[in-house]
Amino acid sequence: MDMIDPFGRTISYLRVSVTDRCDFRCTYCMAEDMTFLPKRDLLSLEELDRLCTVFIDKGVKKLRLTGGEPLVRKNVMHLIRELSRHLESGALEELTLTTNGSQLSRFADELAACGVKRINVSLDTLDADKFHTITRWGRLDKVMAGIDAAQSAGIKVKINAVALKDFNDAEIPEMLRWAHGRGMDLTLIETMPMGEIDADRTDQYLPLSLMRARLEDRFTLSDIPYKTGGPARYVEVAETGGRLGFITPMTHNFCESCNRVRLTCTGTLYMCLGQEDAADLRAPLRASEGNALVAQAIDEAIGRKPKGHDFVIDRRTSRPSVSRHMSVTGG
């Protein structure tokens, strides 16, 4: 039943955007005046559960819920509780999510009770004023309280930070010490050319090869084979004893080992984050009470998963590589 793409890669990791809505408007991700999908276009929670179950039946072992901000989806905990049955059966190895942390204080205990053992929190600065600037609407104290709640509930937290030139690059050493001091891994991410935003991405883009070289002036970084199932490459930091990850879609893409596909809240399946080709799973889902049509549509889509993306950020390329915003696909 395993899903094998044309390049021999086994697809075992599904990322599901349960909503395109978010309570932040991060400047590298969204325009401030975003137009979100009408609610009538969204799959119901029951439909999302059904689609996820088909993927699990077809070999998905890791399921990550994303957004937008997944925890702003109304009744999202109902979906998480339903999906947790696959953890109990052993069909699913991990159920996790990526969040901005704003709602974690409300949901951390229940997430832990559903078997969520690990989450990623997106956090680009420890400065409250800069945090408000980059998120436009966010409050750092709420995110910090959410991280506290998650750790108190026994959930392991990893911090994801998008490295932005002349914004947070000087803060990265402090963020690394802070994260490692709290037992959290830190992963740095290069900004990606997805969707029209109000800023110029060439002004934001910071190659992580340059960031790593700067960090090596202060820290001893040793490459390690540690993997979480995602695209990050990890090093161990001798001075802190913690792990630092690099996600480098621009300078060193991770496509050769890609085991992921992405499902949106409308039932659209993207086989590659950086390509426009997609498959509609909503129509076959709603055409029959059985799952044969959906399974067939998934097989056809996996059969045309591309080798990799074509991301470009430079002064000659003013248009984004793909038109949809990151919040649509869920990263």
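As the structure is a prediction and not an experimental result, all values here were calculated from the model. Atom set for the values below is all heavy atoms of this structure, side chains included, hydrogens, waters and symmetry mates excluded.
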For this session: Answer yes when Asp2 and Lys58 have at least one side-chain N-carboxylate O distance shorter than 4.0 Å, and no when they do not.
Result: no
Problem set entry | Test item: Asn75 side-chain N/O and His78 main-chain N/O as donor-acceptor pair under 3.5 Å | no
Exercise. Between Asp223 and Arg212, is the closest basic N to carboxylate O distance under 4.0 Å?
Worked result: yes
Exercise. Roughly how far apart are Leu215 CG and Leu244 CG, rounded to 0.5 Å?
Worked result: 6.5 Å
For this session: Measure from the side-chain N and O atoms of Arg9 to the backbone N and O of Lys307, and report whether any donor-acceptor pair falls under 3.5 Å.
Result: yes
Check residues 155-164 and write down every donor-acceptor pair under 3.5 Å in which the side-chain atom is one partner and the other belongs to a residue at least two apart or another chain.
| unit_1 | atom_1 | unit_2 | atom_2 | d |
| --- | --- | --- | --- | --- |
| Lys158 | NZ | Asn160 | OD1 | 2.7 |
| Lys158 | NZ | Thr187 | OG1 | 3.1 |

Problem set entry | 4.5 Å side-chain heavy-atom contact, Cys22 and Asn100 | yes
Problem set entry | Donor-acceptor pair, side chain of Lys305 and main chain of Met271, under 3.5 angstrom | yes
Problem set entry | Common cluster, Val72/Leu123, ILVMFWY with side-chain heavy-atom separation under 4.5 Å | no
Seminar exercise, completed: Note: Leu37 and Arg21 closest approach over all heavy atoms is O-NH2, 3.0 Å
For this session: State plainly whether one hydrophobic cluster holds both Leu87 and Val116, where clusters connect Ile, Leu, Val, Met, Phe, Trp and Tyr through side-chain heavy atoms under 4.5 angstrom apart.
Result: yes
Problem set entry | Check: Asp124 main-chain N/O paired with Asn168 side-chain donor or acceptor under 3.5 Å | yes
Problem set entry | Check: Thr96 side chain, Arg118 main-chain N or O, donor-acceptor pair, under 3.5 Å | yes
Problem set entry | Minimal non-hydrogen separation, Met77 against Cys114, with atom names | CE-SG, 4.1 Å
Problem set entry | Closest heavy-atom pair and its distance - Pro173, Asp169 | CD-O, 4.1 Å
Exercise. Stepwise, does the side-chain contact (heavy atoms from CB on, under 4.5 Å) test hold for His132 with Leu140?
Worked result: CA-CA 7 Å; His132 186 71; Leu140 182 62; over 6 Å; no
Problem set entry | Thr135: partners by side chain to side chain contact (heavy atoms under 4.5 Å, CB included), with sequence neighbours left out | Phe24, Cys26, Phe131
Exercise. Among side-chain atoms of Arg64 and Thr98, is any donor-acceptor pair under 3.5 angstrom?
Worked result: yes
Problem set entry | Within one Ile-Leu-Val-Met-Phe-Trp-Tyr cluster: Leu293 and Leu51, side-chain cutoff 4.5 Å | no
Problem set entry | Arg25 side-chain N/O to Ile134 backbone N/O, donor-acceptor pair under 3.5 Å | no
Problem set entry | Close side-chain approach of Leu97 and Leu111, heavy atoms under 4.5 Å | yes
For this session: Could you tell me whether Arg282 and Glu47 make a salt bridge, using a distance below 4.0 angstrom between a side-chain N and a carboxylate O?
Result: no
Exercise. Yes or no on side-chain hydrogen bond (donor to acceptor under 3.5 Å, both in side chains) for Thr266 and Asp41, after CA distance, side-chain angles and deciding distance?
Worked result: CA-CA 6 Å; Thr266 63; Asp41 289 351; over 6 Å; no
Exercise. Can you check whether Arg243's main-chain N or O pairs, donor with acceptor, with His180's side chain at less than 3.5 Å?
Worked result: yes
For this session: Taking the side chain as every heavy atom from C-beta outward, state whether Arg15 and Val261 have any atom pair closer than 4.5 Å.
Result: no
Problem set entry | Side-chain heavy atoms of Arg304 within contact of Asp277, under 4.5 Å | yes
Seminar exercise, completed: All heavy atoms of Ser105 vs all of Gly146, minimum pair found to be OG-N, 3.4 Å
Exercise. Are Phe219 and Tyr234 co-members of a hydrophobic cluster defined by side-chain heavy atoms under 4.5 Å apart?
Worked result: no
Exercise. For residues Thr19 and Glu69, is any side-chain donor paired with an opposing acceptor at under 3.5 Å?
Worked result: no
Problem set entry | Close side-chain approach of Leu206 to Leu210, heavy-atom, < 4.5 Å | yes
Exercise. Any donor-acceptor pair under 3.5 Å linking the side chain of Lys142 with the backbone of Gln103?
Worked result: no
Exercise. If we only count heavy atoms from C-beta on, is the Tyr270 to Thr268 side-chain gap below 4.5 Å?
Worked result: yes
For this session: Enter the distance from Thr228:OG1 to Asp185:CG here, rounded to the nearest 0.5 Å.
Result: 8.5 Å
For this session: To the nearest 0.5 angstrom, please state how far the CG atom of Asp49 sits from the OG atom of Ser44.
Result: 9.0 Å
Exercise. When rounded to the nearest 0.5 angstrom, what is the spacing between CG in Leu83 and CD1 in Ile56?
Worked result: 6.0 Å
For this session: For salt bridge (charged side-chain N to carboxylate O under 4.0 Å, His left out), just list the numbers for Arg73 and Asp20, CA-CA rounded to whole Å, side-chain angles, deciding distance to a tenth of an Å, and then say yes or no.
Result: CA-CA 9 Å; Arg73 172 80 190 249; Asp20 67 326; over 6 Å; no
Exercise. Would you say Lys227 has more than 12 foreign heavy atoms packed within less than 6.0 Å of its NZ?
Worked result: yes
For this session: Mind running side-chain contact (heavy atoms from CB on, under 4.5 Å) on Ile302 and Ile298 for me, showing each step along the way?
Result: CA-CA 6 Å; Ile302 299 301; Ile298 291 170; 4.1 Å; yes
Problem set entry | Residue pair Val237 / Arg218, side-chain heavy-atom distance below 4.5 Å | no
Problem set entry | Gln151 side-chain N/O to Arg182 backbone N/O, donor-acceptor pair under 3.5 Å | yes
Exercise. Can you tell which of Val18, Leu63, Leu281 makes a side chain to side chain contact (heavy atoms under 4.5 Å, CB included) with Leu263?
Worked result: Leu281
Exercise. Could you go step by step and tell me if Ile247 and Leu188 meet the side-chain contact (heavy atoms from CB on, under 4.5 Å) rule?
Worked result: CA-CA 6 Å; Ile247 296 181; Leu188 304 178; over 6 Å; no
For this session: May I ask you to check whether Thr10 and Ser12 show a side-chain donor-acceptor distance below 3.5 Å?
Result: no
Seminar exercise, completed: Nearest heavy-atom approach of Pro70 to Gly68 is CD-O, 3.6 Å
For this session: Could you tell me the separation between the CG atom of Leu208 and the CE atom of Met211, rounded to the nearest 0.5 Å?
Result: 8.5 Å
Exercise. So, do Val60 and Tyr13 sit near enough that their side-chain heavy atoms are less than 4.5 Å apart?
Worked result: no
For this session: Check whether any side-chain N or O of Glu171 sits under 3.5 Å from a backbone N or O of Leu126 as a donor-acceptor pair, and report yes or no.
Result: yes
Exercise. Is it true that Glu94 and Lys62 have a side-chain N and a carboxylate O under 4.0 angstrom from each other?
Worked result: yes
Seminar exercise, completed: When rounded to the nearest 0.5 Å, the distance separating CG of Leu95 from SG of Cys52 is 9.0 Å
For this session: Answer with yes or no whether the side chains of Asp127 and Thr125 bring together a donor and an acceptor at under 3.5 Å.
Result: no
For this session: Could you walk me through whether Arg233 and Thr248 pass the side-chain contact (heavy atoms from CB on, under 4.5 Å) test, one step at a time?
Result: CA-CA 9 Å; Arg233 294 178 172 92; Thr248 54; 3.7 Å; yes
Exercise. Closest approach of Ser17 and Gly67, non-hydrogen atoms and distance?
Worked result: OG-O, 3.1 Å
